[in-house]
Amino acid sequence: MPELPEVETIARGLASRVTGDAIESVWLGQKKEPLKSPAADIVAALEHRRITAVRRMGKHIVFDLQRNHLERALSPAKGRKVKKLSDTSEGAATQWIVHLGMTGRLQVCEPDAEIAKHTHAIVKLKSGRELRFVDPRRFGRLSVAIEFDATGTEPLEIDLENFIALFRGRKTPMKSALLNQKLLRGVGNIYADESLFRAGIRPRRRAFSTTRNQLQKLHAALKEVLKEAIALGGSSISDYVDADGEQGFFQLQHRVYGREAEPCLVCKTPIKRVVIAGRSSHYCPKCQK
DNA sequence: ACTATGTCCTGCGAGC
DNA sequence: TGCTCGCAGGACATAG
């Protein structure tokens with residue numbers, strides 16, 4: 001469901017709520033799809049760890065975990081078969097990585113709160129609260145790692161020359177290039193469409209044929225649209241809410257996404273919707289070349 | 001190596 | 001009301 005601005009909003013909300021808290025126990029559901037790492041690895045990596053930070057990398061939420069020294073003496077956690085993490089020393093940091101897919105949610109709640117349908121993981125915290133992962137479509141993924149290795153570059157950090165180089169020699173449509181997480185991480189369908197509109201580039205435009213001037217505009221437009229969206233707490237379409245249950249407001253700023261047949265806000269031409277790489281793509285046929 | 005396509009899931013609203 | 005259909009913010013495997 002969420003793209004970079006929504007994940008950023010969620011990660012910030014989680015950081016303020018659970019940083020410093022410790023994980024006492026982990027329950028994982030029976031469905032196998034949400035687990036990218038073996039269940040035993042996840043449980044072993046999370047239990048009795050302190051959450052030292054929560055941050056976003058692309059569309060992933062990364063929890064930095066450290067062995068909780070108060071718990072260490074009490075936990076005879078050795079002997080568990082955790083191949084990937086077995087060579088980590090006792091105090092070494094590990095990470096819990098959550099990808100929300102299309103419909104994933106991470107909620108912090110009291111233990112007596114009703115357990116939502118499609119709850120796949122419940123993490124009990126020392127503070128008494130619970131962190132729950134809920135995901136109806138099960139496109140989301142949970143995993144653990146010693147150091148998460150995300151692909152691509154953060155769009156908010158990339159400089160102009162490296163940005164332009166991403167598109168060089170590629171035949172693929174600009175829309176597909178923007179969605180390719182190996183190039184830029186965190187851009188999804190909404191912000192791809194919105195940034196292409198602001199830069200005046202058609203989504204089907206072949207990457208290699210895009211002019212330097214257009215790419216320069218896109219570099220600025222993408223950063224601008226992502227920053228504006230983060231400032232407004234992301235876009236709430238259907239049921240997206242952040243860690244505090246608050247909805248975002250950037251959907252009110254969409255200029256093309258979800259506006260098929262509505263007049264372009266610049267030139268009044270009806271907005272078009274086409275399918276590119278299986279994804280809805282919205283653009284103004286007059287403003288975008 | 002790069003690119004296009006199908007597939008994984010559930011839920012919702014539109015249209016009949 | 002109840003059914004079917006198409007669509008949904010993502011990412012991977014696979015085939016060409």
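Letters A, B, ... mirror the listed sequences (proteins, then strands); counts begin at 1.
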### Query
Judged by modelled atom types alone, do R129(A) and S127(A) share a side-chain donor-acceptor pair under 3.5 Å?
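Short answer, yes.
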### Query
Just checking, any donor-acceptor pair under 3.5 angstrom between side chains of H120(A) and D135(A)?
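There is no such pair between these side chains.
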### Message
Both K182(A) and R137(A) contact DNA chain C. Which one's nearest nucleotide lies toward the 5' end?
### Response
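Final value for this comparison: R137(A).
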Between [atom2] of [N] and [atom1] of [X], the distance in whole Å:
X       : N       : atom1 : atom2 : value
H118(A) : dC12(B) : NE2   : C1'   : 12 Å
H120(A) : dT10(B) : NE2   : P     : 9 Å
K36(A)  : dG10(C) : NZ    : P     : 15 Å

### Query
What do the steps show when you test R132(A) against E130(A) for salt bridge (Lys or Arg N to Asp or Glu O under 4.0 Å), and what is the final call?
CA-CA 6 Å; R132(A) 299 180 185 171; E130(A) 291 181 356; 3.0 Å; yes
### Task
Provide the Watson-Crick or G-U wobble partner of dC9(B), both distances under 3.5 Å; none if there is no partner.
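For dC9(B), the partner nucleotide comes out as none, under the 3.5 Å rule.
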### Task
Using the C1' atom as the reference point in each nucleotide, state the distance between dA11(C) and dC12(B) in Å, no decimals.
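Approximately 22 Å lies between the C1' atom of dA11(C) and that of dC12(B).
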### Task
Among the candidates dC9(B), dA4(B), dA8(C), find the nucleotide nearest to the side-chain atoms of R273(A).
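In terms of side-chain proximity for R273(A), the closest of dC9(B), dA4(B), dA8(C) is dA8(C).
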### Query
Taking ILVMFWY side chains as joined if any heavy atoms are under 4.5 angstrom apart, and letting links pass through other members, which residues group with I97(A)?
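For the cluster that includes I97(A), the remaining residues are M57(A), V62(A), F148(A).
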### Message
When you measure from the side-chain N and O atoms of S176(A) to the phosphate of dT3(B), is any distance below 4.0 Å, counting only OP1 and OP2?
### Response
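Answer is no, no contact under 4.0 Å.
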